[in-house]
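Below is one structure, written out as structure tokens; the observations come after it.
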Amino acid sequence: MEKGFKFRLYPDKEQEIQLAKTFGSCRFVYNYYLAKRIELYNNGKQSMNYNACSADLTKLKTELVWLKEIDKFTLQNVLKDLDRAYGNFFREIKKGNKEQGFPKFKSKHNHEQSFRTTWTNNNIEVKGDKIKLPKLGWVEMVKSQDISGKILNCTITKTCSGKYFVSICCTDVIIDKYKKADSTVGLDLGIKELATTSDGEVIENPKHLAKLEKKLKREQRRLSKKQKKSKNRNKQRKKLNRVHEKIANKRTDFLQKVSTRLIKENQIICLEDLGVKNMVKNHNLAKSISDVSWSEFVRMLEYKALWHDRIIQKVDRFYASSQTCSSCGYKNAGTKDLSLRQWECPQCHTNHDRDANAAINILNEGLKLLSA
């Protein structure tokens, strides 16, 4: 099994200069060969595949000697990424997907930058709190967990706030699996609460964006008053990005802890297959839906379920979980009104909490689908 390990890097001044050269060279090579492929296609409907670009890059290095300062595997990965982007574009166009965009030129004004290098002959190695990287040597890092398995590649990223991170992709990783659980649970995802379980537990939505929105607006207002291309504007941009980063980190940390607990306690988790892409088109709820981050939460549950032999069962989004009585099956059309949080079944006279009742119905429907 493949698994990634992400750590914070602390390069020295010389290593920062080498990283800046690498980011710039990767951007140059990507844009150079994208322009070349476009030109070839416009002139004679021809193209260059990865092998042709790689052979041409060897000649280019003799003309542009500064490209030899960059790790060769990093530049080869840039060409592979470009070739993959071309392949994705034409494959989706053939399928009739008109929304698929053509590969775009990379800009140096994109403040989040990254490059990927491949493990070969121990050119990437981890010892203690340091990692050896090609052309950089040993770089200090904060290692929060032990790395297991064989290193395949690593990606170095510089964030908008100026921080450096390394993501190490390893294969043959042995996961210490949780013991088999006896319980099953249904989840009704929401905005006011992140989720309500079929057991009646309410998982609150911390609303990280709402809590820091006032500070976010203040920093954004300060940024708008700075002179463009000035040093003070760049300093303020980093301050603003640190607030965005804090919101994202707090959200991710919360979702990781909740998803881990649910996976550890339950063998089967049933939830709705929500169409988040369409739901955010509602401009009244788009910000709240994005802040609660349902898609990321479900993604975490899915990959952790794969690690620990759990089952994630999705129920159709059009299943009337909120309208159906979980006791007798009566369908109450009056509950389409979202403001109705409590209701009594006219047939069996059972009092229902809207979200808890929906979670029970989702669990029952999910188990029914599994048994079928």
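Residue numbers start at 1 and run along the sequence shown.
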From Asn205 atom CG to Trp294 atom CH2, the distance as rounded to the nearest 0.5 Å: 9.5 Å
Please check if the number of heavy atoms outside Gln342 that lie under 6.0 Å from its CD is greater than 12. yes
Donor + acceptor pair across side chains of Thr118, Asn77 (<3.5 Å): yes
Side-chain donor/acceptor of Gln15 to backbone N/O of Leu136, under 3.5 Å: yes
Is any side-chain heavy atom of Thr157 closer than 4.5 Å to one of Glu112? yes
Step through the shown structure and confirm whether more than 12 heavy atoms of other residues, nucleotides or ligands are within 6.0 Å of CG on Asp176. no
Could you go through the side-chain contact (heavy atoms from CB on, under 4.5 Å) check for Leu133 and Cys154 one step at a time? CA-CA 9 Å; Leu133 296 169; Cys154 70; 3.5 Å; yes
To the nearest 0.5 Å, what is the distance between CG (Asn232) and CZ (Arg237)? 13.0 Å
Does the side chain of Thr184 reach to within under 4.5 Å of the side chain of Asn266, using non-hydrogen atoms? no
Quick one: pull up CG in Leu79 and CG in Asn51 and give me the separation to the nearest 0.5 Å. 10.0 Å
Audit row: Asp83, Lys80, salt bridge (Lys or Arg N to Asp or Glu O under 4.0 Å) steps and yes/no: CA-CA 5 Å; Asp83 197 58; Lys80 288 177 182 177; over 6 Å; no
In terms of hydrophobic clustering (I, L, V, M, F, W, Y; side-chain heavy atoms under 4.5 Å; direct or indirect links), are Phe5 and Ile124 co-clustered? yes
In this structure, are over 12 heavy atoms from other groups packed under 6.0 Å from Phe105 atom CZ? yes
State whether the side chain of Asp291 and the backbone N or O of Lys287 hold a donor-acceptor pair below 3.5 Å, judged by distance alone. no
Give a yes or no on whether the backbone of Arg221 and the side-chain of Ser224 come within a donor-acceptor separation of less than 3.5 Å. yes
When you look at CG of Asn282, are more than 12 heavy atoms from neighbouring residues, nucleotides or ligands closer to it than 6.0 Å? yes
For the pair Lys215 (side chain) and Leu240 (backbone), establish whether a donor and an acceptor sit closer than 3.5 Å, ignoring hydrogens and angles. no
Under the criterion side-chain contact (heavy atoms from CB on, under 4.5 Å), I'd like the reasoning laid out for Lys246 against Arg242: C-alpha separation, chi angles, the key distance, then a yes or no. CA-CA 6 Å; Lys246 185 175 182 179; Arg242 279 196 288 270; over 6 Å; no
Are any side-chain N or O atoms of Lys239 and backbone N or O atoms of Gln220, one a donor and one an acceptor, separated by less than 3.5 Å? no
Can you find a pair of side-chain heavy atoms, one from Leu40 and one from Ser47, that are under 4.5 Å apart? no
Between CD on residue Glu201 and CG on residue Leu187, distance to nearest 0.5 Å: 9.0 Å
Heavy-atom distance under 4.5 Å between the side chains of Asp71 and Leu75, does that happen here? no
Heavy-atom pair of closest approach, residues Val276 and Ser295: CG2-OG, 3.5 Å
Give a yes or no on whether the backbone of Ser54 and the side-chain of Thr58 come within a donor-acceptor separation of less than 3.5 Å. yes
Closest non-hydrogen contact found for Ser326 with His352 is OG-CE1, 3.5 Å
Does this structure show an ion pair linking Glu92 with Lys95, if we count only N-O contacts that are shorter than 4.0 Å? yes
Determine yes or no for a side-chain-to-main-chain donor-acceptor pair under 3.5 angstrom, with Arg8 supplying the side chain and Lys163 the backbone. no
For the pair Arg354 and Asp188, find out whether any cationic side-chain nitrogen is under 4.0 Å from an anionic carboxylate oxygen. no
Lys130 atom NZ, over 12 foreign heavy atoms within 6.0 Å: no
What's the shortest heavy-atom distance between Lys143 and Asp129, and which atoms? CB-OD1, 3.7 Å
Side-chain donor-acceptor contact under 3.5 Å, Lys331 with Thr324: no
Do Tyr30 and Phe90 sit in one hydrophobic cluster, given that two such residues count as connected whenever their side-chain heavy atoms are within less than 4.5 Å of each other, even indirectly? yes
Is it true that Lys36 and Glu39 have a side-chain N and a carboxylate O under 4.0 angstrom from each other? no
Going only through I, L, V, M, F, W and Y residues with side-chain contacts under 4.5 Å, is there a path from Tyr178 to Ile268? no
Val173/Lys150 under side-chain contact (heavy atoms from CB on, under 4.5 Å): CA gap, chis, key distance, verdict: CA-CA 8 Å; Val173 178; Lys150 180 184 176 183; over 6 Å; no
For the side chain of Gln18 and the backbone of Glu69, is there at least one donor-acceptor N/O pair under 3.5 Å apart? yes
Within 6.0 angstrom of Lys264 NZ, more than 12 heavy atoms from elsewhere: no
Show the nearest heavy-atom pair for residues Pro11 and Tyr164, with the distance to one decimal. CG-CD1, 3.7 Å
Look only at the side chain of Asn123 and the backbone of Thr120, and say whether a donor-acceptor pair between them is shorter than 3.5 Å. yes
Is the number of heavy atoms from other residues, nucleotides or ligands within 6.0 Å of CD (Gln145) greater than 12? yes
Using the rule given for side chain to side chain donor-acceptor pair (under 3.5 Å), can you reason through Lys94 versus Gln100, listing the C-alpha separation, both sets of side-chain angles and the distance that settles it, and then say yes or no? CA-CA 10 Å; Lys94 286 179 181 178; Gln100 180 68 28; over 6 Å; no
Looking at Lys257, is its backbone amide N or carbonyl O close enough to the side chain of Thr260 to form a donor-acceptor pair, meaning the two atoms are under 3.5 Å apart? no
If you apply the rule side-chain contact (heavy atoms from CB on, under 4.5 Å), what do you find for Ser371 with Leu369, and how did you get there? CA-CA 6 Å; Ser371 62; Leu369 291 171; over 6 Å; no
Between the CD1 atom in Ile131 and the CZ atom in Phe7, the distance rounded to the nearest 0.5 Å is 8.0 Å
Which of Leu34, Val78, Asn31 passes side chain to side chain contact (heavy atoms under 4.5 Å, CB included) with Lys106? It is Asn31
So, are Lys61 and Asp56 salt-bridged, with charged N and O less than 4.0 Å apart? no
Heavy atoms only: give me the nearest Cys170-Ser148 pair and the separation to one decimal. CB-O, 3.4 Å
Side-chain contact, heavy-atom cut-off 4.5 Å: Lys180 with Gln267? yes
Can the positive tip of Lys6 be found less than 6.0 Å from the middle of the six-membered ring of Phe165, inside 45° of the ring normal? yes
Can you label the angle between the Trp66 ring and the Phe28 ring as parallel, tilted or perpendicular, going by 30° and 60°? perpendicular
With rounding to the nearest 0.5 angstrom, report the NZ to CD1 distance, Lys304 to Ile269. 10.5 Å
Could you pull out the closest heavy-atom pair between Ser198 and Ile360, with the gap in Å? O-CG1, 3.7 Å
Using a 4.5 Å cut-off on heavy atoms from C-beta on, say whether the side chain of Glu272 contacts that of Arg317. no
Counting C-beta onward and ignoring hydrogens, is there a side-chain heavy-atom pair between Trp119 and Ile151 closer than 4.5 Å? yes
Linking I/L/V/M/F/W/Y whenever any side-chain heavy atoms sit under 4.5 Å apart, do Ile263 and Ile362 land together? no
Contact between Phe102 and Tyr86 at the side-chain level, heavy atoms closer than 4.5 Å - yes or no? yes
Taking a hydrophobic cluster as the set of Ile, Leu, Val, Met, Phe, Trp and Tyr residues connected by side-chain heavy atoms closer than 4.5 Å, whether directly or through intermediates, do Ile312 and Met1 fall within one such cluster? yes
